[in-house]
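All ligand and atom numbering here is 1-based and tracks the order in the structure. Counting from 1, the numbers follow the sequence of the chain as shown.
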Amino acid sequence: MKKIALVTGATSGIGEACARKLAENGYNMIITGRRTGRLEEVANELRALGAEVLPLVFDVRDRDAATAAIQGLPAEWREIDVLVNNAGGAWGLEPEYEGNYADWDTMIDTNIKGLLTMTRLIVPGMVERDRGHVVNIGSVAGDAAYGGGNVYCATKSAVKALSDGLRIDVAHTRVRVTNIKPGLVETNFSVTRFHGDKDRADGVYKGIKPLTGADIAESVYYAVSAPEHVQVAEILILATHQASGSVIHRQ
Ligand code: NDP
Ligand code: 8X3
């Protein structure tokens, strides 16, 4: 029987690439996002790779909707082997003392509380079955703050703490927990950060060859496909001319 993976935020970027990588490697896929049309397009692409696909449209900030979606899974989709908590992003790059309250709430509600909700809904089944893998998409931003990163960095530090905490709480089981910490990845991330300003977003990747979603999907799959006795706790992946969240050499 094929294994089942659920990827949140599979309509774009890193999540879409992870869904593709897992489908290519024999997983049946539950994919989530808020954009119905885009989710259907990704679903059809994954079906063409041979996967069975269940698209679920909900906002991870809406706990009732997330609960209804997961509790309403058809019987054949309930035994989730891999959860990739990817949905998230950065909103704004203002100094902390000038930050926008709505942006702060969006980041905290999505990157922390959304990830927690999905974990709370799916991990009990993994513990009961004594197998499973939770992959959280953290960030280099969680290792150290950078200018204007303040709340976003705090949410990714929280992802590290929540990954470490979960790893402790499931240590008596065969459930594994991995925190993937990417650096500069060219996706829709910066367009979101700059509220749709594409030119400003493009500037983030000028003079440096950034990572791609596919690069990150490779490391997710490395962790997921490791032998059962191997738990990849963390992976930090940077672009070659990047040394940290704030040290980037541009040519
Ligand atoms: P994208 O903007 O390309 O993708 C973000 C994804 O998250 C989309 O699929 C979006 O789907 C989904 N999403 C956002 N908010 C919600 C929500 N409230 N409910 C459900 N889904 C949501 O960015 P990335 O692929 O780059 O980002 C993915 C993850 O990777 C994020 O957690 C980000 O913080 C992290 N990351 C990104 C890095 C980068 O440089 N790009 C580096 C390090 C980490 P939809 O719009 O359909 O809801
Ligand atoms: C995304 C990477 O360095 O732009 O988490 O914060 S960074």
Problem - Donor-acceptor side-chain pairing of Thr106 and Asp103 below 3.5 angstrom - result: no

Handout entry: Polar side-chain atom of Ser190 near backbone of Arg193 as donor-acceptor pair, under 3.5 Å
Key = no

Problem - Nearest option to atom 1 (P) of ligand 1, as decided by whichever heavy atom of Ser12, Ala10, Gly13, Gly245 sits closest - result: Ser12

Handout entry: Arg176 side chain vs Val224 backbone, donor-acceptor pair below 3.5 Å
Key = yes

Fill in the blank from the handout: for atom 19 (N) of ligand 1, nearest protein heavy atom and its distance come out as Val60 N, 3.0 Å

Practice task
Name the closest protein heavy atom to atom 48 (O) of ligand 1, giving the residue it belongs to and the distance to 0.1 Å.
Solution key: Arg34 NE, 2.5 Å

Completion exercise
In this structure, atom 12 (C) of ligand 1 is nearest to the protein heavy atom Gly9 CA, 3.6 Å

Handout entry: Lys156 to ligand 1, any heavy atom closer than 4.0 Å
Key = yes

Handout entry: N or O pair under 3.5 Å between Gln242 and ligand 2
Key = no

Practice task
Please determine if Leu184 has a nitrogen or oxygen closer than 3.5 Å to a nitrogen or oxygen of ligand 1.
Solution key: no

Handout entry: Nearest neighbour of atom 24 (P) of ligand 1 from the list Thr155, Ile216, Thr187, on a heavy-atom basis
Key = Thr187

Handout entry: Under 4.0 Å to a heavy atom of Ala141 - the qualifying atoms of ligand 2, by number
Key = 6 (O)

Handout entry: Proximity flag Gly183 to ligand 2, non-hydrogen atoms under 4.0 Å
Key = yes

Handout entry: Pro182: numbered ligand 1 atoms lying under 4.0 Å from its heavy atoms
Key = 42 (C), 43 (C), 44 (C)

Exercise for the section: From the options Glu41, Glu40, Glu52, select the one residue that forms a salt bridge (charged side-chain N to carboxylate O under 4.0 Å, His left out) with Arg47. Expected result: Glu40

Problem - Proximal candidate to atom 5 (O) of ligand 2 [heavy atom criterion; set Cys153, Ser139, Ala90] - result: Ser139

Problem - Tyr152, portion touching ligand 1 at heavy-atom distance under 4.0 Å - result: side chain

Exercise for the section: Take Ser163 and Asn136 through the side chain to side chain donor-acceptor pair (under 3.5 Å) test and state the conclusion after the steps. Expected result: CA-CA 7 Å; Ser163 304; Asn136 289 330; 3.0 Å; yes

Exercise for the section: Mark yes or no for whether Asp81, through its side chain, and Ile4, through its backbone, hold a donor-acceptor pair below 3.5 Å. Expected result: yes

Problem - Any Leu184 heavy atom less than 4.0 Å from ligand 2 - result: no

Practice task
Identify which of Val159, Val185, Ile137, Asn111 has a heavy atom lying nearest to atom 40 (O) of ligand 1.
Solution key: Val185

Fill in the blank from the handout: atom 9 (O) of ligand 1 sits nearest the protein heavy atom Thr11 OG1, 2.7 Å

Practice task
Could you check which of Gly114, Ala87, Ala65, Ala141 puts a non-hydrogen atom nearest to atom 22 (C) of ligand 1?
Solution key: Ala87

Exercise for the section: Could you pull out, from Gly183, Ser190, Ala90, Ser139, the option with a heavy atom nearest to atom 42 (C) of ligand 1? Expected result: Gly183

Exercise for the section: State whether a side-chain donor-acceptor pair under 3.5 Å links Ser244 with Asp143. Expected result: no

Completion exercise
Nearest non-hydrogen protein atom to atom 4 (O) of ligand 2, with distance, is Tyr146 OH, 3.6 Å

Completion exercise
The closest protein heavy-atom partner of atom 5 (C) of ligand 1 is Gly88 O, 3.6 Å

Handout entry: Validation row, ring centre Phe189 to ring centre Tyr152 under 6.0 Å
Key = yes

Exercise for the section: Check whether more than 12 heavy atoms from other residues, nucleotides or ligands sit under 6.0 Å from atom CZ of Arg78, and answer yes or no. Expected result: yes

Exercise for the section: Among all protein heavy atoms, pick out the one at the shortest distance from atom 31 (C) of ligand 1; state its residue, atom name and that distance to 0.1 Å. Expected result: Asn86 O, 3.3 Å

Fill in the blank from the handout: ligand 1 atoms nearer than 4.0 angstrom to some heavy atom of Gly138 are 43 (C), 44 (C)

Exercise for the section: Count the heavy atoms of every other residue, nucleotide or ligand shown that sit under 6.0 Å from NZ of Lys209, and state whether that count exceeds 12. Expected result: no

Practice task
Find the distance between CG (Asn28) and CG (Leu22) and round it off to the nearest 0.5 Å.
Solution key: 11.0 Å

Practice task
Using a strict 4.0 Å cut-off to heavy atoms of Arg61, name the atoms of ligand 1 that fall inside it.
Solution key: 18 (N)

Practice task
Kindly check if the number of other-residue, nucleotide or ligand heavy atoms within 6.0 Å of CD (Glu76) is above 12?
Solution key: yes

Exercise for the section: Check the surroundings of atom CD in Gln231: do more than 12 heavy atoms from other residues, nucleotides or ligands lie under 6.0 Å from it? Expected result: yes

Problem - N/O donor-acceptor pair under 3.5 Å between Arg38 side chain and Thr11 backbone - result: yes

Exercise for the section: Would you mind checking which non-hydrogen protein atom is closest to atom 18 (N) of ligand 1, with the distance to 0.1 Å? Expected result: Asp59 OD1, 2.8 Å

